[in-house]
Each structure stands twice: as C-alpha cells, then as structure tokens.
Amino acid sequence: MKVLGAIEAGGTKFVCGIGNEQGEVLERVSFPTTTPEETMKLVVDYFTGKQVEAIGVGSFGPIDPIVGSHTYGYITTTPKPHWGNYNLIGKLKEHFDVPMNFDTDVNGAALGELTWGAAKGTDNCIYITVGTGIGVGAVVGGKILHGLSHPEMGHIVVRRHPDDSYEGTCPYHKDCLEGLAAGPSLGRRWNVQGAELSADHPAWEMEAYYLAQALMNYVLILSPQKIIMGGGVMKQEQLFPLIRTKLQELLNGYVQHAALTTDIDQYIVPPGLGDNAGLAGALALANLAR
Ligand code: ADP
Ligand code: ZN
C-alpha cells in the first residue's frame, strides 16, 4: 500500500493528511490559514519524516494547475491577503522530492467522488461547493477538466429572481451565481446568517432558483453523469428537492434521460465521502501524481 500525502488548502484552514490508494484517510491535522510563511511551515513540518510517496494538493483559487506553464503550482490572483501569486508547489518541492499533483479543491473533490464516492462507476461528474464562494470541479471522460486554466463555473450569469433586488457580493461581477447564491449573499440579503434561516423561509426557494439555473447550464454543456453538491449552504437538506424540481421545470423535458426524471434523487446528491470530500479529493490527486 502506498503512503500518500494530501493537502486540502482552504482559505480558512489547511487540512493535511496521510492516506492510501483506496481512499482511506489514516490521519489528519488542520492548521489555520494565516500567511504562507507560517502556514506552509506547519505543513512542511507535518509531512517531514512521514515518507510520503506522492503529494496531492486541492487548493482554493484561482490557481495555475497547468503543468508546463511558468506559474504552474501557484495560487495566482486570489484576493486573499498574502496568498496572491504564491508558489505553493515550489515551496513543497524545496522539501519533498516526490511526484505532486496540484488542482482546485473542487476539481480534487470531483475526482475523489468519481474514484471512491458518489460518482464511482461513472466517467463524468461535477462537484459543486456552495459555501463562502461557489466553486465547481469537473471530471470529463475520466480526466479533470482543464483548458487555459481551470474552469470557473461559480461565476456564470444567471437570470435574476423577480423578487430579488439584492445587488450581489461578487467583487468582479456583482450578481453572478456566486454573488447571488453563496453563503455571504444569503446573510446580506436576509440580514440573518444562512444557518439561522428556518427551513420554510422564502430564501431557500430563491436559492434553489439560482442553483437550478446553474445546474441546467452544467447539464446542457457537460452532460455529467452525476452532480454532487456540498459546502456549508448545502447542509440545508431541503434545498435538494427544491433544486431537483426546479431543474426539471427549467429543462422542460428537453434532455431525455432517466437521471433527470425518475432517478433524479440519485442524480443530484450530497458528497458520498461526506465531510472528507475535500481531503479525499487531495488524496485522489496524490494517487494520480506522476
Ligand atoms: P468554505 O466555503 O469557507 O470552505 P463552508 O463550505 O463551510 O466553508 O461554507 C461557509 C458558508 O456557508 C458561510 O457563508 C456560512 O454562512 C454558510 N453556512 C454554513 N453552514 C450553513 C448552514 N447550515 N446553512 C446555511 N448556510 C450555512
Ligand atoms: Zn463573479
């Protein structure tokens, strides 16, 4: 059994762990995300002496995951203080001479779910996190979807809900999907934290209205075989049936597949790897590191 190192690099905390190619996480620790100097020292200290054979990193972004690019391995244009233009893989390479695999947290999570979780047995899935931001990762034909860089499917344009006059929180686009539907927009629109809103509050119908539009676009563009939705906001379980029904209404029978009709409850699902989805995603990246 291989000894694989996994790093879930988040904007609030870094979770590091050791696991194997069966997706088992054998140990884990977590460090607050402060400055790269402080946080990466803790990360390096953690892995020192652990004899890992490969390291996978699923990171907040935007990042450069394109091997051969001159900024490969960097966290690039993040607005997060201290972390913009930071060479994370370069730092790890100074200390560990093993294969590494660097991708977005959500691309890692999609790969992890496809390898060991809710999308096992498929070749195509998407993983959406609805949390502080909205991020989407995709595996297409068994491979993580890259192009110029990684897709940014949280920032797509959606049609506004007729009852919504909230301007939106995205610093780049204001009322893109993330601007209208990530956790912070819920808090600002309703003046109550998302977690405090009751299950029958109209906020959830509006939230589902936006997320279902996003899913419609993803279904039409990528035709995923499984849609996995995680993140803090998706802890509101009543969102799942609302989103499924709205997606069916929006598609209006255009895409004919049982996954979108009789089997939709098994099509749009929470992470099979539960709260381990992020770290398991990094482990799945490590498993494919070459
Ligand atoms: P992050 O995106 O930073 O990794 P989370 O996925 O936990 O972290 O998302 C945090 C966001 O989700 C916050 O905006 C928070 O208000 C919101 N959130 C967390 N728990 C819930 C909940 N139970 N219901 C609704 N919103 C929640
Ligand atoms: Zn945006």
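All ligand and atom numbering here is 1-based and tracks the order in the structure. Positions are given from 1 along the sequence. Note that this is a predicted model, so its numbers are computed, not measured.
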_What is the name of the N/O/S atom of His173 that is nearest to the Zn ion (ligand 2)?_
ND1
*Within a distance of under 4.0 Å, is there any protein heavy atom near atom 12 (O) of ligand 1?*
yes
*Does the Asp123 side chain pair with the main chain of Gly141, one donor and one acceptor, at a distance under 3.5 Å?*
no
*Around atom 17 (C) of ligand 1, find the nearest protein heavy atom and jot down its residue, atom name and distance.*
Val233 CG2, 4.1 Å
_For a quick check under 3.5 Å, do Thr34 and Thr39 share a side-chain donor-acceptor pair by atom type?_
yes
*asked:* Are any of the N/O atoms on Lys235, whether in the backbone or the side chain, positioned under 3.5 angstrom from an N/O atom of ligand 1?
replied: no
*For atom 1 (P) of ligand 1, what's the nearest protein heavy atom and its distance?*
Thr132 OG1, 3.4 Å
_Angle in degrees, rounded to 10°, that SG of Cys176 and SG of Cys170 form at the Zn ion (ligand 2)_ = 110°
*asked:* Just checking Trp83 against Phe14, ring centres under 6.0 Å apart?
replied: yes
_Closest protein heavy atom to atom 16 (O) of ligand 1, given as residue, atom name and distance to 0.1 Å_ = Gln193 OE1, 3.4 Å
_Which of the numbered atoms in ligand 1 are under 4.0 angstrom from any heavy atom belonging to Gly194?_
24 (N), 25 (C), 26 (N)
*Do the numbers put Lys93 on top of the ring of Phe96, so that NZ or CZ is under 6.0 Å from the six-membered ring centre and no more than 45° off the axis?*
no
*Proximal ligand 1 atoms for Gly231, defined as those under 4.0 Å from one of its heavy atoms*: 6 (O)
*Consider ligand 1: state whether an atom of it lies below 4.0 angstrom from any non-hydrogen atom of Pro184.*
yes
_I want to confirm something. Looking only at heavy atoms, which of Gly131, Gly10, Gly278, Gly232 is nearest to atom 22 (C) of ligand 1?_
Gly232
*Joint cluster assignment, Val269 & Tyr267, ILVMFWY side-chain distance < 4.5 Å*: no
*Going through the distances and angles, do His82 and Glu37 end up as a side chain to side chain contact (heavy atoms under 4.5 Å, CB included)?*
CA-CA 9 Å; His82 315 296; Glu37 291 69 33; 5.7 Å; no
*Just checking, is any N or O donor in the side chain of Tyr218 or Gln213 under 3.5 Å from an acceptor N or O on the other one?*
no
*Which of the atoms of ligand 1 are close to Gly183, meaning less than 4.0 Å from one of its heavy atoms?*
14 (O)
*May I ask you to list the atoms of ligand 1 that are less than 4.0 angstrom from any heavy atom of Ala195?*
21 (C), 22 (C), 23 (N), 24 (N), 25 (C), 26 (N)
*Asp64 and His70: side chain donor to acceptor below 3.5 Å*: no
_Below 4.0 angstrom, counting only protein heavy atoms, does anything approach atom 19 (C) of ligand 1?_
yes
*Quick check: does Gln236 get an N/O under 3.5 Å from an N/O on ligand 1?*
yes
*When rounded to the nearest 0.5 angstrom, what distance separates NE2 in His173 from CD1 in Ile156?*
11.5 Å
*Would the number of heavy atoms belonging to other residues, nucleotides or ligands and lying under 6.0 Å from NZ of Lys80 be above 12?*
yes
*asked:* Please give the atom name: the N, O or S atom of His155 nearest to the Zn ion (ligand 2).
replied: ND1
